[in-house]
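Just so you know, these numbers use all the heavy atoms, side chains as well, and skip hydrogens, waters and symmetry mates. Remember, it's a predicted structure, so these values are computed and weren't measured experimentally.
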Amino acid sequence: MMISSRVRLLCLTSALTLILASTVMAPPALALSDIKDITPPSADSSEPASNEEPDVIEDSIPVIPDPDPLIRSPEPEEVEGVESVEPADPPAEVIYDIEKAPEPVRRMRELIMEAAKTGDISKLKPLMNPGPDQTAVPLQTPDQDPIEALMAISGDSDGVEILAILLDIFSTGFVQLDKGTADEAYVWPYFVGKSLGLLTPQEKVELLRIVTAGDVAEMQEYGNYNFFRVGITPDGRWKFLTVGD
């Protein structure tokens with residue numbers, strides 16, 4: 001009995017010793033709040049890597065202005081006292097009805113045509129109003145006779161070409177130029193008062209009855225009619241028979 005009691009006591013003592021030893025050596029238990037997160041960081045973490053450059057804010061970069069141009073265009077200057085250029089006057093009205101011209105004009109036109117139909121250029125001289133207001137013609141010298149001057153520029157020696165030109169010119173329409181002034185006149189042909197670039201196909205036909213196609217091409221280079229023209233004043237005076245622009 002004594003031995004059994006001692007054995008049980010020894011076993012109990014040993015068990016207590018083991019329990020105490022395990023209690024001293026075991027680490028204390030931690031609460032859930034005291035456990036640190038040891039989860040490895042994910043690959044798509046929002047924190048930039050140590051080798052990435054930080055974003056540059058544009059406002060922090062100084063702006064360098066563009067250099068001025070080497071050649072400066074001068075700014076337009078306002079000039080005082082200079083008026084704006086007025087647009088060109090519209091073309092003169094083309095008149096075909098001879099009855100719209102004053103009676104003295106109609107009468108002088110008829111007389112010139114009658115003289116031209118005779119084939120004798122000297123028949124024009126009484127109609128030229130010899131004197132200070134003599135009909136202006138292309139004179140080679142100031143004192144040259146007007147009939148001789150016309151014969152000198154005619155394609156024939158008798159001046160018949162000039163007579164034919166007069167009849168052709170009077171067969172076209174006419175215009176009233178310089179109305180209300182001392183230079184007012186009724187002028188044939190009407191091409192004198194109209195730009196060649198504005199002619200209709202019908203008007204081009206009328207022009208080619210007076211001049212050749214070569215003449216028209218030359219006129220177009222200058223932009224205006226430059227062949228013979230006749231002018232009669234409102235009071236019936238034969239003012240001019242000239243050629244050129």
Side-chain angles (χ1 to χ4, degrees), residues 92-178 183-194 196 199 202-216 218-219 224-245:
E93 178 188 3
V94 178
I95 307 172
Y96 285 96
D97 187 0
I98 189 60
E99 295 299 323
K100 292 184 178 181
E103 193 280 330
V105 175
R106 300 198 305 267
R107 177 59 179 164
M108 177 54 70
R109 171 180 175 271
E110 183 179 353
L111 292 174
I112 297 173
M113 293 180 68
E114 289 177 355
K117 290 176 181 178
T118 66
D120 184 359
I121 195 170
S122 65
K123 298 293 184 182
L124 296 177
K125 191 167 185 178
L127 305 176
M128 291 184 171
N129 192 26
D133 295 330
Q134 178 175 278
T135 303
V137 297
L139 299 176
Q140 296 178 351
T141 60
D143 57 351
Q144 187 179 20
D145 181 82
I147 297 300
E148 292 180 359
L150 292 177
M151 293 174 66
I153 62 175
S154 179
D156 65 292
S157 59
D158 297 328
V160 175
E161 183 186 38
I162 299 298
L163 300 177
I165 290 173
L166 283 171
L167 293 175
D168 286 339
I169 287 175
F170 278 128
S171 67
T172 68
F174 59 98
V175 290
Q176 183 180 7
L177 301 182
D178 300 319
D183 295 326
E184 181 178 358
Y186 292 83
V187 182
W188 283 262
Y190 64 87
F191 308 112
V192 175
K194 188 172 185 178
L196 296 184
L199 297 181
Q202 294 79 7
E203 291 171 340
K204 291 178 180 178
V205 171
E206 293 181 343
L207 177 59
L208 288 171
R209 291 176 59 188
I210 302 174
V211 297
T212 66
D215 294 329
V216 173
E218 182 179 352
M219 292 177 188
N224 59 335
Y225 173 85
N226 60 9
F227 197 54
F228 283 94
R229 76 276 315 274
V230 177
I232 302 174
T233 62
D235 59 359
R237 180 174 60 88
W238 186 1
K239 188 174 184 178
F240 57 79
L241 169 58
T242 57
V243 61
D245 52 7

Enquirer: How many angstroms lie between atom CE of M113 and atom CD1 of I169, to the nearest 0.5 angstrom?
Expert: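 Reported to 0.5 Å precision, the distance equals 11.5 Å.
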Enquirer: Do L196 and L207 have side-chain heavy atoms sitting under 4.5 Å apart?
Expert: yes
Enquirer: Mark yes or no for whether R106, through its side chain, and G236, through its backbone, hold a donor-acceptor pair below 3.5 Å.
Expert: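 Side chain of R106 to backbone of G236, a donor-acceptor pair under 3.5 Å: no, none is there.
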Enquirer: Between the side chains of D120 and S122, does any donor sit under 3.5 Å from an acceptor?
Expert: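 Looking only at side-chain atoms, S122 and D120 do form a donor-acceptor pair, the distance falling under 3.5 Å.
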Enquirer: Does any donor atom in the side chain of Q176 or E184 lie under 3.5 Å from an acceptor atom in the other side chain?
Expert: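 Yes, a side-chain donor-acceptor pair sits under 3.5 Å.
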Enquirer: I want to check something: taking the side chain as every heavy atom from C-beta on, are P102 and Y186 in contact at a cut-off of under 4.5 Å?
Expert: yes
Enquirer: When the side chains of residues 126-135 are checked against the rest of the protein, which donor-acceptor pairs come out under 3.5 Å, sequence neighbours left out?
Expert:
unit_1 : atom_1 : unit_2 : atom_2 : d
T135   : OG1    : M128   : O      : 3.3
T135   : OG1    : W238   : O      : 2.8

Enquirer: Would you give the length of the straight line joining atom CG of L124 to atom CG of L163, rounded to the nearest 0.5 angstrom?
Expert: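 Taking CG in L124 and CG in L163, the distance rounds to 5.5 Å.
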Enquirer: Just jot down the salt bridge (charged side-chain N to carboxylate O under 4.0 Å, His left out) partners of E103, sequence neighbours excluded, or say none.
Expert: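 Applying salt bridge (charged side-chain N to carboxylate O under 4.0 Å, His left out) to E103 gives none.
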Enquirer: Is any side-chain heavy atom of L167 closer than 4.5 Å to one of K117?
Expert: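 Side chain of K117 against side chain of L167, heavy atoms only: contact under 4.5 Å found.
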Enquirer: Can you check whether E206 reaches P189 side chain to side chain, under 4.5 Å on heavy atoms?
Expert: no
Enquirer: Enter the distance from D178:CG to T233:OG1 here, rounded to the nearest 0.5 Å.
Expert: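 Between D178 CG and T233 OG1, I get 12.5 Å after rounding to 0.5 Å.
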Enquirer: Please list, chain by chain and in numerical order, all residues satisfying side-chain contact (heavy atoms from CB on, under 4.5 Å) with K125, sequence neighbours excluded.
Expert: D145, I147
Enquirer: Side chains of F191 and L199, heavy atoms from C-beta outward: is any pair under 4.5 Å?
Expert: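 Counting from C-beta outward, F191 and L199 do come under 4.5 Å.
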Enquirer: Got a second to check how far Y190's OH is from L177's CG, nearest 0.5 Å?
Expert: 14.0 Å
Enquirer: Apply salt bridge (charged side-chain N to carboxylate O under 4.0 Å, His left out) to D183 and list each qualifying residue two or more places apart in sequence or on a separate chain.
Expert: K239
Enquirer: Would you say L241 and L166 make side-chain contact, with heavy atoms under 4.5 Å?
Expert: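 Yes - at least one pair of side-chain heavy atoms lies under 4.5 Å apart.
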Enquirer: For residues A149 and P138, report the shortest heavy-atom separation together with the two atoms involved.
Expert: CB-O, 3.5 Å
Enquirer: Got V160 and I121 here, is their nearest side-chain heavy-atom distance under 4.5 Å?
Expert: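 No; the side chains remain at least 4.5 Å from each other.
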Enquirer: Can you list every salt bridge (charged side-chain N to carboxylate O under 4.0 Å, His left out) pair that touches residues 153-177, not counting sequence neighbours?
Expert: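 Qualifying pairs: none.
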Enquirer: Quick check for you: to the nearest 0.5 Å, what is the distance between R229 atom CZ and F240 atom CZ?
Expert: 7.0 Å
Enquirer: Which residue pairs pass the ring pair (Phe, Tyr, Trp, His ring centres under 6.0 Å) test with at least one member in residues 116-175, sequence neighbours excluded?
Expert: F170-W188, F174-W188
Enquirer: Closest heavy-atom contact between G159 and S154?
Expert: CA-OG, 3.4 Å
Enquirer: How long is the span from the CG atom in L139 to the OG1 atom in T242, to the nearest 0.5 Å?
Expert: 11.5 Å
